[in-house]
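The next block holds one structure in the form of C-alpha cells; read it before the comments.
Start at 1 with the first residue, then count along the sequence.
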Amino acid sequence: MADPFKHPDTGIYYIRRKVPRELREALGREYKRSLGTRDLATAKGAFVLAWATSDQVFALARANATGAATPISVQDAQQIASRWFREEQSRMERDGSFESMLATGPGWEFDPPDGPAVGGPMFVTLQEGADNDDDIDPGEDWGLVVDPHIRKSLRALNQPMPAPGASLSRLRSAFAEHLHRLSDWALQRQEGNYVPPGQGLTPIQPLQLEAAKPEKSKSMKLGPLFESYAAEKILNDGDNRATRRTVGAFRSTVERFIEIVGDVELPAIDRAAIARFRASIGSKGRRFDAGAVFFSASEKSPMSASSRSIAFRSLISTILQSSPLRM
C-alpha cells in the first residue's frame, strides 16, 4: 500500500516508490523524496503532489532511455555544474574542511634535534594527485569521477541520469571542469589563503529544461492518478489474486465517483464534491461498504450518510493521500 513513509529517526515523512526494473540504471532501485514535514496530515497533502512528480520522473526516464527526451544543452550543463560548485563550496566553508576535494601528496616530516619527529600529509589538487599516482592512467576519464555528483544534482531537479550520448557528455565535461576549479580553490583554503567564493562562475540563471517542464500537479486528475496507484500496488504487492481484488474494489469506488462528480482535477475534489457525491449515492439507495471499500448493489442494509462519508474519505485518503478530501 502506498503511504507516506515516516523516517524512524527524524520523524520526517517521505514518498518511497520502487523504480521499475528498466529504469533502475537511471534512477536507482528506489525513488525517495522528503515531503518536508513531520505532520501526517500535511504529509498526506504533499504525498499526492509528490506522487504525480514521481510519475513524471519515471516518464522522463523512459523517454530518455529511448532518445525521446529533450537533450540537456551546453548552457544547462554549465549551469547545473556551477550550482553544484556553489553548494560544495558553501558546504566546505561551513564545515571548515576542504580535504574532500584534495588528494594526498608525498607528505612532510620534520626531525628536530631535541625532540621526536613530526610530520603529516601534504595535500595537492586532484589533478596533481592523479598525475603523481602511477596506478592512474594519465588519460583517465574524469567524467566517470563526477558521475555521482551529476546524479545527485539531477536528482534535486527530478531529472534522471541521461543515457550515454550528447547530454551525458556535456554534463561530464562541465562537471569535470568545475571539479578541477573547486579542487584548486580547496587547496588555497587548505593552505590558509582566503579566496572569495563564486569567483568566475556562471551567473545563476533559470535552466532551459525547467522552463520546458509541463505543469504537473494541478492538472492531475483522479482517474490517471488511480491507475498509477494501481500499477504501483501491483508492483509492490505482486500480481496476485488478493492484489487484483483490492485494486478492483478500489476501482469500483473511483469509477462511481467519476460517474457522479466527473474525472476532475485533484484540487476540485473538495468538500462540495464530497457532499455532492454523498448526496447522490444516498438518494439512489446505494451502500458504501467501509469494510470492503467498494459499492455493492447486493447489500441490503444501507449505511448512514455520515458513515458513507467517513468510509469514502478514508478510501480516497488511502488512494490519493490527498488533504483536500479531509472534512
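- Below 30°, between 30° and 60°, or above 60°: for Phe58 and Tyr31 the angle between ring planes is above 60°, a perpendicular geometry.
- Between the CD atom of Gln159 and the CZ atom of Arg155 there is a distance of 14.0 Å, given to the nearest 0.5 Å.
- At distances below 3.5 Å, at least one donor-acceptor pair connects side-chain atoms of Ser153 with backbone N or O atoms of His149.
- Contact check for Leu154 versus Pro160: no side-chain heavy atoms found under the 4.5 Å cut-off.
- Between atom OG of residue Ser173 and atom NE2 of residue His178 there is a gap of 10.0 Å, rounded to the nearest 0.5 Å.
- Listed for the Asn240 side chain is a donor-acceptor partner under 3.5 Å among the backbone atoms of Ala242.
- Nearest heavy atom pair, residue Ile204 against residue Gln79, reads CA-OE1, 3.2 Å.
- Using cut-offs of 30° and 60° on the angle between ring planes, the pair His7 and Phe5 is perpendicular.
- Using a 4.5 Å cut-off on side-chain heavy atoms (C-beta onward), Ile150 and Trp84 make no contact.
- The pair Glu30-Arg17 does not count as a salt bridge, with every side-chain nitrogen at least 4.0 angstrom from each carboxylate oxygen.
- Counting only distance, with no hydrogens or angles, the side chain of Ser183 and the backbone of Leu179 share no donor-acceptor pair below 3.5 Å.
- In plain terms, the two heavy atoms of Gly129 and Ala103 that are nearest each other are CA-CB, 3.8 Å.
- With values rounded to the nearest 0.5 angstrom, Met101 atom CE is found 11.0 Å from His180 atom NE2.
- Formation of a donor-acceptor pair under 3.5 Å by the Asp263 side chain with backbone atoms of Gly223 is found in this model.
- Put simply, the side chain of Ser82 gets close to the backbone of Thr202: a donor and an acceptor are under 3.5 Å apart.
- No side-chain heavy atom of Ile72 sits under 4.5 Å from any side-chain heavy atom of Arg170.
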Quiz item: Run the side-chain contact (heavy atoms from CB on, under 4.5 Å) check on Leu102 and Val124 step by step: do they pass?
Solution: CA-CA 6 Å; Leu102 297 173; Val124 296; over 6 Å; no
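- Looking only at distances, no side-chain donor or acceptor of Arg172 sits under 3.5 Å from a matching main-chain atom of Asp147.
- For the atom pair CZ (Arg38) and OG1 (Thr42), the distance works out to 12.5 Å, reported to the nearest 0.5 Å.
- For Asn158 (side chain) and Val57 (main-chain N/O), no donor-acceptor pair under 3.5 Å exists by modelled atom type.
- The two residues Gly36 and Ile12 have their closest heavy-atom pair at N-CG2, 4.3 Å.
- Residue Leu60 holds its CG atom at 8.5 Å from CG of Leu27, rounded to the nearest 0.5 Å.
- Within the 3.5 Å criterion, the main-chain N or O of Val146 finds no donor-acceptor partner in the side chain of Arg151.
- The CG atom of Leu207 sits 11.0 Å away from atom CD of Gln75, with the distance rounded to the nearest 0.5 Å.
- Checked by atom type, the side-chain pair Arg86/Ser90 shows no donor-acceptor distance below 3.5 Å.
- In this structure, the side chains of Thr104 and Met122 stay at 4.5 Å or more apart for every pair of heavy atoms.
- Minimum interatomic distance between Ala176 and Trp142 (heavy atoms only, all atoms of both residues): CB-CB, 4.0 Å.
- Of all non-hydrogen atoms in Ala50 and Leu35, the two that sit nearest each other are CB-CD2, 3.7 Å.
- With contacts defined as side-chain heavy-atom distances shorter than 4.5 Å, the pair Met92/Ser97 does not qualify.
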Self-check item: Full working for side-chain contact (heavy atoms from CB on, under 4.5 Å) between Lys32 and Ile15
Solution: CA-CA 6 Å; Lys32 181 180 177 181; Ile15 176 176; over 6 Å; no
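- Between the side chains of Arg33 and Thr53, no donor-acceptor pair is found at a separation under 3.5 Å.
- You'll find the ring centres of Trp185 and Phe98 inside the 6.0 Å limit.
- Side-chain contact, Gln188 with Asp184: no donor N or O sits under 3.5 Å from an acceptor N or O.
- Annotation: side chain of Leu168 is in contact with side chain of Met161 (closest heavy-atom distance under 4.5 Å).
- Within 6.0 Å of CZ in Arg245 there are 12 or fewer heavy atoms belonging to other residues, nucleotides or ligands.
- Shortest non-hydrogen contact noted between Gln208 and Ser73 is OE1-OG, 3.3 Å.
- Put simply, Ile80 and Val74 are part of two different groups of oily side chains (I, L, V, M, F, W, Y) that touch within less than 4.5 Å, one to the next.
- Residue Lys152 qualifies as open at atom NZ: its count of foreign heavy atoms under 6.0 Å is 12 or below.
- When the shell of 6.0 Å around CZ of Arg29 is examined, it contains 12 or fewer heavy atoms from other residues, nucleotides or ligands.
- Within a 6.0 Å sphere centred on CD of Glu227, other residues, nucleotides and ligands contribute more than 12 heavy atoms.
- At least one donor-acceptor pair closer than 3.5 Å links the side chain of Arg189 to the backbone N or O of Asn193.
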